[in-house]
Novice: 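Quick one: the structure is below, questions incoming.
Start at 1 and go down the list; that is how both ligands and their atoms are numbered. Remember, it's a predicted structure, so these values are computed and weren't measured experimentally. Position 1 is the first residue of the sequence, and the numbers go up from there.
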Amino acid sequence: MGMVGFTVALMVIGVIISPCVHGNEFSDHKEIEVERLLKRLNKHALISIKSEDGDIIDCVPIHSQLAFDHPLLKNHNIQMRPNIIPESTSTYTKNYTNVTQAWHKSGICPENTVSIRKIKKEDILRSNFIENFGKKMTPGILLYGSSSVHEYAAMNCKKGKYFGTKFAVNIWKPKVQVPNEFSLAQTWLSSGVGTNLNTIEAGFQVLPSLYGDNNLRLFVYWTADNYQKTGCYNTNCPGFVQTSNRITVGGTFKSVSKYDGIQIAVLVMIWKDGDYWWLQINKELVGYWPAKLFSSLGKGATEVLWGGEIVNEKTGGKHTSTDMGSGHFADEGHRKASYFRNIMTVDKTNTLREPQGVYPTITNDNCYNIKEGRNGTSWGFNFFYGGPGLNAKCP
Ligand SMILES: *[C@@H]1O[C@H](CO)[C@@H](O)[C@H](O)[C@H]1NC(C)=O
Ligand SMILES: *[C@@H]1O[C@H](CO)[C@@H](O)[C@H](O)[C@H]1NC(C)=O
Ligand SMILES: *[C@@H]1O[C@H](CO)[C@@H](O)[C@H](O)[C@H]1NC(C)=O
């Protein structure tokens, strides 16, 4: 009896406070909105490939990919190859074969299609805010509570004019403590200040809230306005033009480095070829960011950095135990810590050069640190970075 009275009272309050957020009306409305968004984001696929990791890879005809929904890319003339690919004289790059993503086990996409990770209903529901789907979750705005903090261990290059970067990075599957955190290894190319900040970002990440699992994935990211109205991961919003039928941005890697065991390194190169910023992984072209998406990056980047970033949610008032890189400090060195090596920048003549005036950015070296490796070896300019987060010195 008491319960009935209680329920009635609650219902009355519910109706008064929020008459439209009640019962099926709300869920039906949300359902329709989600379906509409999925229809807009997932373009019609020629075939779809089911990956053992749970992803569905859509083979979308190259001309009908989401990128071309961008108002600046109407009637865009798709580029299949850059005019110039920066070449290094060193032989360390000669030994890299194509990367293998988990879905390749079931084949690759046909020619003239691009391999796109299908966005699922759960992906959108998880992201909380339908209109922000795929955007970078900035602190306090989307998923992160006010106590969450981004932490870094990265190397910066002195300010200048840069037209790209190339490096090898060994890939790991860092442990992420809670779903709203992430751990990544990436490069940032940026220019502009304030709301004019433009970035091009690419690397490898574990981000459970975006993908729904703890797998390591290739990612790309860009913003043209300091993460305000623009900015999203992968092909989740129009902008990045994929050209590959083999490499999926957002796709998972099966093979990663093992502590004191096999080391899996991947070559990443980003460079500006005329009006396009291209991305190449090992020796394969993935796609490009048209320079017209950007205000300041159209003229080149003024800053380049490389390294790791994590989000610390401070669960239970403690520092997160999310790993950066291998989860081991830089001091442990090769086969134990994560590295970036053979780091180069690209100048305006598309020549690869060793970075000059390099300095580290570290949030707290008791949690995650960074250490320059020996210069003048076959590893070129290199560094180790990472750490376990939570430990006696990082409570
Ligand atoms: C190139 O790859 C082969 C086969 O994986 C390996 O045996 C060899 O040591 C590699 N060479 C270099 C210079 O890394
Ligand atoms: C490697 O990638 C290129 C470009 O995507 C492709 O043409 C080639 O067939 C691939 N090779 C193998 C062995 O998969
Ligand atoms: C590495 O050593 C070379 C030759 O001594 C030098 O020119 C270059 O500036 C060094 N690079 C870095 C990043 O310290």
Novice: Using a 3.5 Å distance criterion without hydrogens, assess whether the side chain of S106 forms a donor-acceptor pair with backbone atoms of I49.
Specialist: no
Novice: Check this for me - ligand 2, N98, N or O atoms closer than 3.5 angstrom, yes or no?
Specialist: yes
Novice: Counting C-beta onward and ignoring hydrogens, is there a side-chain heavy-atom pair between L216 and W172 closer than 4.5 Å?
Specialist: no
Novice: Can you find a protein heavy atom closer to atom 2 (O) of ligand 2 than 4.0 Å?
Specialist: yes
Novice: Centroid separation under 6.0 Å, is that true for the rings of Y288 and W277?
Specialist: no
Novice: So which protein heavy atom does atom 5 (O) of ligand 2 come closest to, and at what separation?
Specialist: E284 OE1, 2.7 Å
Novice: Under 4.0 Å from atom 11 (N) of ligand 2, can you find at least one protein heavy atom?
Specialist: yes
Novice: From K173 NZ over to K258 NZ, what is the distance, rounded to the nearest 0.5 angstrom?
Specialist: 8.5 Å
